[in-house]
Amino acid sequence: MEDSELMSDLIKIGIPSLVALAGIISSSLLTWHGHRQNLLINELEHNRQKELSKNYKAGEMVKDIALQLTKINNDYISFYILLLAKVETLSCGDPWPQAEQELIAEQYQHTLFSLQNHTNIKSTIMLLRDDDLAEIYQQYLDLVGYVISSYSQDKSLTLNELNEISARSSKSYDQVLKKMSSIYFIE
């Protein structure tokens, strides 16, 4: 009987002990799994916050670029209109009035001063790490620079050349704005 009593005692003590041990192990595994899920959720939330912060900073940079670029473009357009009037007047064989020459020279200086901000814009574009935007912006600057330098070097551009350069610079400007809007609105 002792063997059967011993066996009975083992069953009475052993089964609840095994059940308790299984409960402890499963609780530990569930706690560990829950902790891993919490870590993953925290990491995802941290990454999301970083991405939101990065997008916000990029948006602020794009707004700053847009303001500076609009100023440059407005000054350039004002200069271009005066230059176009001068070329049209001279191509008709009419003299260019001295008062108009002073006005175009003043707008030229204003445009040059405005163009000095291009290094700020270029630096900000480099921080955005967008090679397409940098390339399009450089094309725009090259076209604007060509018109500005033609005046400063007293090169005679024809009406057709001026209109063609104006169309290309306007297209480049629009492309820059379109590219910046895709960054700002995160397509």
Student: Please tell me if the side chains of Asn74 and Thr70 come closer than 4.5 Å, counting only heavy atoms from C-beta onward.
Tutor: yes
Student: Rounded to the nearest 0.5 Å, what separates atom OG in Ser170 from atom CD1 in Ile77?
Tutor: 6.5 Å
Student: Which value, rounded to the nearest 0.5 Å, describes the distance between Leu128 atom CG and Lys179 atom NZ?
Tutor: 10.5 Å
Student: Would you say the side-chain atoms of Gln68 and Asp64 include a donor-acceptor pair closer than 3.5 Å?
Tutor: yes
Student: With the side chain counted from C-beta on, respond yes when Glu135 and Asp131 share a heavy-atom pair under 4.5 Å apart, and no when they do not.
Tutor: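 SC-SC contact between Glu135 and Asp131 ruled out.
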Student: In Å, rounded to the nearest 0.5 Å, how long is the span from CE of Met180 to CD1 of Ile136?
Tutor: 10.5 Å
Student: Any ion pair linking Lys63 and Glu60 (charged N to carboxylate O, less than 4.0 Å)?
Tutor: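 Counted as a salt bridge, because a side-chain N and a carboxylate O are separated by less than 4.0 Å.
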Student: Quick one: CD1 on Ile104 to CG on Leu83, what's the gap to the nearest 0.5 Å?
Tutor: 4.5 Å
Student: Students often mix this up, so state it plainly: with edges at 30° and 60°, are the rings of Tyr108 and Phe79 parallel, tilted or perpendicular?
Tutor: tilted
Student: For Ile41, which residues count as a side chain to side chain contact (heavy atoms under 4.5 Å, CB included) partner, sequence neighbours excluded?
Tutor: none
Student: Find out if a path of hydrophobic residues (ILVMFWY) with successive side-chain heavy-atom gaps under 4.5 Å connects Phe185 to Met61.
Tutor: yes
Student: Going only through I, L, V, M, F, W and Y residues with side-chain contacts under 4.5 Å, is there a path from Leu133 to Leu67?
Tutor: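 Different hydrophobic clusters.
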Student: Table please: side-chain donor-acceptor pairs of residues 143-150 below 3.5 Å, with sequence neighbours left out.
Tutor:
from, atom 1, to, atom 2, distance (Å)
Ser149, OG, Gly145, O, 3.0
Ser149, OG, Tyr146, O, 3.1
Ser150, OG, Val147, O, 2.6

Student: Same hydrophobic cluster for Leu30 and Leu39, using side-chain heavy-atom links shorter than 4.5 Å among ILVMFWY?
Tutor: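 No, it is not one cluster - the side chains of Leu30 and Leu39 are not joined through contacts under 4.5 Å.
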Student: For Leu40, what are the other residues in its hydrophobic cluster, where any two members join if their side-chain heavy atoms are less than 4.5 angstrom apart?
Tutor: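 Reading the cluster by chain and number, Leu40 sits alongside Leu44.
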Student: Is it the case that Asp75 and Thr111 place a side-chain donor and acceptor less than 3.5 Å from each other?
Tutor: no
Student: May I ask you to decide whether Glu45 forms a salt bridge with Arg48, counting only side-chain N to carboxylate O separations under 4.0 Å?
Tutor: yes
Student: Main chain of Glu88, side chain of Ser91: is a donor-acceptor contact present, judged purely on distance under 3.5 Å?
Tutor: yes
Student: Mind checking what makes ring-ring contact (aromatic ring centres under 6.0 Å, His included) contact with Tyr140, not counting sequence neighbours?
Tutor: Tyr173
Student: Quick one: pull up CG in Leu69 and CG in Leu141 and give me the separation to the nearest 0.5 Å.
Tutor: 8.0 Å
Student: Pairs in or reaching into residues 24-39: which pass side chain to side chain donor-acceptor pair (under 3.5 Å), with residues at least two apart or in two chains?
Tutor: none
Student: Can you find a pair of side-chain heavy atoms, one from Tyr137 and one from Ile65, that are under 4.5 Å apart?
Tutor: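 No; the side chains remain at least 4.5 Å from each other.
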Student: Inspect the contact between Asp174 and Lys178 and indicate whether a charged nitrogen and a carboxylate oxygen are less than 4.0 angstrom apart.
Tutor: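 Result for this pair is no, no salt bridge flagged.
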Student: Looking at side-chain heavy atoms only, is the closest gap between Leu84 and Asn163 below 4.5 Å?
Tutor: yes
Student: May I have the list of side-chain donor-acceptor pairs in residues 120-127 shorter than 3.5 Å, sequence neighbours left out?
Tutor:
from, atom 1, to, atom 2, distance (Å)
Lys122, NZ, Gln138, OE1, 2.4
Ser123, OG, Thr119, O, 2.9
Thr124, OG1, Asn120, O, 2.9

